[in-house]
Amino acid sequence: MDNELQGRSAHVAAIRERAEAEMRTIGVDKAFIGALVESFYGRVLTHPDLGPVFDARLAGRWPEHMEKMKRFWSAVAFRSGTYVGKPVQAHLGVANMAPELFPKWLELFAATLDEVAPNDEAKAWFMATAERIAQSLTLALFYNPAEDDPALKRS
Ligand code: HEM
């Protein structure tokens with residue numbers, strides 16, 4: 001049992017080291033994650049469609065949200081285990097959530113990276129990751145197998 005646990009923690013450490021090395025190669029550090037989150041949610045707040053949806057849910061709780069999102073992106077980039085949460089459940093509680101908001105979210109994220117990313121590789125890595133998560137969230141929140149009928153799409 002001890003051996004199994006030791007093996008697992010060595011595996012986790014190896015994954016973390018690989019992630020840290022990958023991020024170092026593309027010039028990503030904790031300061032960048034901070035700048036990305038600050039700049040992105042600054043833009044979200046002024047966006048005509050995204051701003052109201054976020055603020056309706058987060059008014060009075062923005063500082064906590066920003067800290068959580070920094071932990072989230074650090075966990076994704078560095079595999080640091082700094083975020084344990086349930087993103088799907090969190091979004092289920094957001095009023096006026098709609099599939100059309102996701103491309104707008106991604107567009108704003110891309111514009112933010114254009115400004116704050118240290119280089120093209122870092123931008124590409126964060127975009128690809130955000131697109132994958134956005135797609136999973138869209139499916140988890142909106143996919144309805146009952147509507148997934150090719151015959152319906154033809155009509
Ligand atoms: C249309 C797009 C989106 C909207 C309107 C949206 C909105 C929100 C809101 C309002 C919250 C706060 C929930 C709460 O604390 O009550 C939240 C949390 C969160 N969002 Fe999004 N979001 C969107 C897309 C995304 C995407 C694409 C990602 C990841 C790349 C993401 C990651 C997260 C995470 C990790 C949390 C924290 C969940 C937790 O509480 O553990 N969101 N989002």
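Just follow the structure's listing: the first ligand is 1, and inside any ligand the first atom is 1. From a predicted model like this one, the values you see are computed outputs, not experimental measurements.
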Search all heavy atoms of [X] against all heavy atoms of [Y] and return the closest pair with its distance.
X: W125; Y: V76; answer: CH2-O, 3.8 Å
X: P118; Y: I26; answer: CG-O, 3.8 Å
X: A117; Y: A122; answer: CB-CB, 4.4 Å
X: D49; Y: V53; answer: O-CG2, 3.5 Å
X: A134; Y: L106; answer: CB-CD1, 4.1 Å

Against heavy atoms of [X], which atoms of ligand 1 measure under 4.0 Å?
X: R61; value: 14 (C), 15 (O), 16 (O)
X: A90; value: 38 (C), 39 (C), 40 (O)
X: R57; value: 10 (C), 14 (C), 16 (O)
X: K68; value: 37 (C), 39 (C), 40 (O), 41 (O)

Compute the minimum heavy-atom distance from F109 to ligand 1 and say whether it is under 4.0 Å.
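F109 does not count as a contact of ligand 1 under the 4.0 Å cut-off.
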Working for salt bridge (charged side-chain N to carboxylate O under 4.0 Å, His left out), residues R16 and E20: CA-CA 6 Å; R16 188 168 298 172; E20 283 169 2; 5.4 Å; no
Looking at [atom], what's its closest protein heavy atom, distance included?
atom: atom 9 (C) of ligand 1; answer: V94 CG2, 3.8 Å
atom: atom 6 (C) of ligand 1; answer: F54 CZ, 3.2 Å
atom: atom 29 (C) of ligand 1; answer: I133 CG2, 3.4 Å
atom: atom 12 (C) of ligand 1; answer: L58 CD2, 3.8 Å
atom: atom 1 (C) of ligand 1; answer: L101 CB, 3.2 Å
atom: atom 11 (C) of ligand 1; answer: H65 CE1, 4.0 Å
atom: atom 21 (Fe) of ligand 1; answer: H91 NE2, 2.0 Å
atom: atom 2 (C) of ligand 1; answer: W105 CD1, 3.5 Å

- Measure the acute angle between the ring planes of W73 and F109, then classify it against the limits of 30° and 60° as parallel, tilted or perpendicular.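 Rings of W73 and F109: parallel, as their planes differ by under 30°.
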Is it the case that the side chain of H47 and the backbone of R43 share a donor-acceptor pair, with hydrogens and angles ignored and the cut-off at 3.5 Å?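 Answer holds: no.
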At a non-hydrogen distance cut-off of under 4.0 Å, which region of [X] contacts ligand 1 (side chain, backbone, both, or neither)?
X: M69; value: side chain
X: F102; value: both
X: L137; value: side chain
X: T129; value: neither

inquiry  = With rounding to the nearest 0.5 angstrom, report the OG1 to CG distance, T46 to L108.
reply    =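 Separation between the atoms: 7.0 Å.
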What's the spacing between K30 NZ and M23 CE if we round to 0.5 Å?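 Here the interatomic distance stands at 14.5 Å.
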Requested in this report: Salt-bridge test for K104 and E107: reply yes if a basic N is under 4.0 Å from a carboxylate O, no otherwise.
Outcome: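 E107 and K104: not salt-bridged.
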query = Do W73 and ligand 1 have an N or O pair less than 3.5 Å apart?
reply =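 For ligand 1, there is no N or O atom that lies under 3.5 Å from one belonging to W73.
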